[in-house]
Amino acid sequence: MSQTATRQTATRPTTAPEAVPAARILIASFVGTAIEFYDFYVYATAAALVIGPIFFPPGDPAVQTLAAFATFSIAFIARPMGAAFFGHFGDRVGRKATLVASLMIMGLSTVLIGCLPSYATAGWWAPLALCVLRFGQGVGFGGEWGGAALLAVENAPPGRRALYGIFPQLGAPVGFITANLGFLGLALALSPADFQAWGWRIPFLASAALVGVGLYVRLKLTETPVFKAALEKAAPERVPLAVIFTKYIRSTLLGTFAMVACYAVFYLSTVFALSYGVATLGFTRPTFLLFECVAVLFMGLGIPLSGWAADRYGRRPVLLSGLIFTASLGLVMGPMLGSGQGGLVLGFLCLGLFAMGWLFGPMGALLPELFPTRVRYTGASVTYNLAGILGASAAPYLAQRLSEWGGVGWVGLYLAVAAGISFVAVALMQETKEKAIQ
């Protein structure tokens with residue numbers, strides 16, 4: 001390689017933010033994840049409200065709810081598979097094409113769920129098709145977050161990786177509130193019978209238009225300069241997944257367990273709380289959906305605050321403080337959520353989602369920082385999605401069982417244990433704030 005080419009390779013990562021407008025990079029990172037999270041939360045909300053009676057045999061409502069939560073977990077099992085698949089091509093071919101493909105798979109699966117027949121119409125074919133499409137959602141989502149985080153972080157200027165890394169994270173509250181507002185509007189506009197007959201399908205079908213917007217934005221992207229430089233230095237790894245499970249197994253395990261509490265507090269404060277609030281506490285659907293729309297604003301506040309703090313003070317102190325708060329929150333879950341009083345219930349939801357935002361914000365930078373460029377897409381994606389299996393896939397189901405067995409206070413203890421596991425993982429990590437990504 002000539003001296004000129006060598007100088008270009010060495011300097012390209014530092015000049016990339018000038019070559020590609022930062023606004024375009026951050027918008028593309030944010031828009032795609034907002035759509036993907038919308039698709040995922042549409043199903044989560046529907047699982048708490050209507051999936052059970054529509055797609056499973058008539059009978060005990062509690063059994064139908066448990067069956068709906070079981071289908072909810074399928075996507076989390078599929079997500080690491082999607083992470084490994086898309087991570088493989090993201091590390092070998094490039095970030096751009098992989099991000100486009102993952103968005104299309106997620107969007108198509110979501111739209112088709114809105115077209116499915118009910119159990120009353122198609123019998124067991126209906127829940128079988130639902131499970132297949134839910135698996136498709138998981139595969140698409142598995143490849144989304146890691147690529148979006150890398151798009152932001154690999155283009156970030158020095159000292160601002162966590163701040164850039166919050167943009168894919170902000171897709172979570174935006175996607176969530178969009179999904180919930182959609183269901184809230186339908187619940188207010190339609191009778192319960194019309195909502196269950198056909199109204200619930202509208203948020204799923206609306207995903208088609210959102211995906212079109214996301215594809216338009218992402219097709220205008222270019223590859224990140226860090227990835228281009230890595231390809232110029234050496235050929236890509238043949239099997240990135242094998243590399244992360246051999247050379248970077250410690251980073252993979254610590255990153256996975258660090259995310260467990262983040263997932264647990266979110267899905268206990270949303271999916272389980274929605275089902276519990278409507279079915280057990282007696283709140284109306286519109287009331288509780290409105291509670292959650294208010295609470296998710298606190299999640300949106302926590303993400304940028306913790307991202308800023310993570311760049312200033314480091315990833316570890318920010319996360320450790322958030323995990324102590326989350327464990328404490330688990331201990332007051334029974335008195336607050338279980339009280340049935342509107343103010344206390346809303347207060348718990350706000351605190352829970354603020355805790356999630358505080359934990360979630362630095363993860364956009366931390367998980368990519370655990371791996372080198374050559375396997376970063378695979379490493380960050382697999383770590384993020386393995387944590388989903390441990391922290392989220394069974395959380396609504398287990399919480400439902402625990403609340404039926406011993407009350408909602410036991411669900412709070414479950415959350416406190418999850419926070420303790422993540423605390424140990426973060427405490428064992430090295431600080432990555434000053435680490436160069438290469």
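As the structure is a computational prediction, the values presented were derived from the model and not from experiment.
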Determine whether Asn155 and Thr224 satisfy the following criterion, side-chain hydrogen bond (donor to acceptor under 3.5 Å, both in side chains), listing intermediate values before the conclusion.
CA-CA 6 Å; Asn155 281 290; Thr224 69; 5.4 Å; no
Pair Met259, Thr383 - check side-chain contact (heavy atoms from CB on, under 4.5 Å), show working.
CA-CA 9 Å; Met259 278 288 298; Thr383 298; 5.7 Å; no
So do the side chains of Thr284 and Phe288 get within less than 4.5 Å of each other, counting heavy atoms only?
no
Heavy-atom closest pair (Ile166 atom, Gly307 atom, distance to 0.1 Å) is CG2-CA, 3.7 Å
Can any side-chain N or O of Ser207 pair as donor or acceptor with the backbone N or O of Pro203 at less than 3.5 Å?
no
State, with a plain yes or no, whether a side-chain heavy atom of Val382 is found less than 4.5 Å away from one of Phe245.
yes
Do Phe348 and Val345 make a side-chain contact, defined as non-hydrogen atoms from C-beta onward lying under 4.5 Å apart?
no
For the residue pair Trp124 and Tyr119, is the inter-centroid distance of their aromatic rings smaller than 6.0 Å?
yes
Quick check: does any side chain N or O of Thr33 sit under 3.5 Å from a backbone N or O of Ser29, one acting as donor and the other as acceptor?
yes
Looking at Pro80 and Ile389, what are the two nearest heavy atoms and their distance?
CG-CD1, 3.4 Å
Kindly indicate whether the side chain of Ile303, heavy atoms from C-beta on, has any atom under 4.5 Å from the side chain of Phe167.
no
State, with a plain yes or no, whether a side-chain heavy atom of Ile77 is found less than 4.5 Å away from one of Phe135.
no
Can Ile27 and Arg24 be said to form a side-chain contact (heavy atoms from CB on, under 4.5 Å), step by step?
CA-CA 5 Å; Ile27 288 171; Arg24 183 192 302 175; 5.9 Å; no
Is the shortest side-chain heavy-atom distance between Ser403 and Thr280 below 4.5 Å?
no
Is the ring centre of Phe176 less than 6.0 Å from the ring centre of Phe266?
yes
Nearest atoms (heavy-atom pairs only) where Gly90 meets Arg95
O-NH1, 2.9 Å
Is there a side-chain contact between Phe371 and Thr252, using heavy atoms and a 4.5 Å cut-off?
yes
Between Ala152 and Leu26, what is the shortest heavy-atom contact and its length?
CB-CD2, 4.3 Å
Tell me whether Trp125 contacts the main-chain N or O of Pro117 through its side chain, where contact means a donor paired with an acceptor under 3.5 Å.
no
Gap separating the CG atom of Leu268 from the CG atom of Leu398, nearest 0.5 angstrom
9.0 Å
Could you tell me whether a side-chain N or O of Asp311 sits under 3.5 Å from a main-chain N or O of Leu163, the two making a donor and an acceptor?
yes
Look up atom OG1 in Thr45 and atom CG in Leu184, then write down how far apart they are to the nearest 0.5 Å.
11.0 Å
Parallel, tilted or perpendicular: which fits the ring planes of Trp145 and Tyr384, with parallel below 30° and perpendicular above 60°?
parallel
For the CG atom of Leu281 and the OG1 atom of Thr287, what is their distance to the nearest 0.5 Å?
12.0 Å
Can Val411 and Phe272 be said to form a side-chain contact (heavy atoms from CB on, under 4.5 Å), step by step?
CA-CA 10 Å; Val411 182; Phe272 166 73; 4.1 Å; yes
Quick one: do Phe141 and Phe37 satisfy ring pair (Phe, Tyr, Trp, His ring centres under 6.0 Å)? Show the steps, please.
CA-CA 8 Å; Phe141 195 93; Phe37 278 111; 5.1 Å; yes
For a quick test of reading the model, state the closest non-hydrogen atom pair linking Ala258 to Val426 and the distance between them.
CB-CG2, 3.7 Å
Between Tyr41 and Thr178, a side-chain donor and acceptor under 3.5 Å:
no
Answer yes if the ring centres of Phe55 and Trp200 are under 6.0 angstrom apart, and no otherwise.
yes
Should the pair Arg218-Glu144 be classified as a salt bridge under the 4.0 Å nitrogen-to-oxygen rule?
yes
Decide yes or no on salt bridge (Lys or Arg N to Asp or Glu O under 4.0 Å) for Arg376 and Glu154, but give the supporting numbers first.
CA-CA 10 Å; Arg376 184 172 295 129; Glu154 290 184 346; 2.8 Å; yes
Separation of Arg201 CZ from Gln196 CD (nearest 0.5 Å)
11.0 Å
What is the distance from atom CG of Asp39 to atom CZ of Phe204, rounded to the nearest 0.5 Å?
9.0 Å
Do Pro372 and Val375 have side chains that approach each other closer than 4.5 Å (heavy atoms only, starting at C-beta)?
yes
Does CZ in Phe257 sit with more than 12 non-hydrogen atoms of other residues, nucleotides or ligands closer than 6.0 Å?
no
Step through the shown structure and confirm whether more than 12 heavy atoms of other residues, nucleotides or ligands are within 6.0 Å of CZ on Phe30.
yes
Stepwise side-chain contact (heavy atoms from CB on, under 4.5 Å) test for Trp410 and Tyr414
CA-CA 6 Å; Trp410 284 94; Tyr414 169 49; over 6 Å; no
From CZ (Arg315) to OG1 (Thr432), nearest 0.5 Å:
5.0 Å
Under 30°, 30 to 60°, or over 60°: which ring-plane class applies to Tyr267 and Tyr263, parallel, tilted or perpendicular?
parallel
Should Glu369 and Arg161 be marked as a salt bridge (Lys or Arg N to Asp or Glu O under 4.0 Å) after you check the CA-CA gap, both sets of side-chain angles, and the distance that decides it?
CA-CA 9 Å; Glu369 288 168 346; Arg161 286 202 302 262; 2.7 Å; yes
Gln137 and Thr110: side-chain hydrogen bond (donor to acceptor under 3.5 Å, both in side chains), yes or no, with the steps?
CA-CA 7 Å; Gln137 277 193 316; Thr110 303; 2.9 Å; yes
Met299 to Pro173 - nearest heavy-atom pair and separation:
CE-CD, 3.6 Å
Ala187: what forms a side-chain contact (heavy atoms from CB on, under 4.5 Å) with it, not counting sequence neighbours?
Pro286
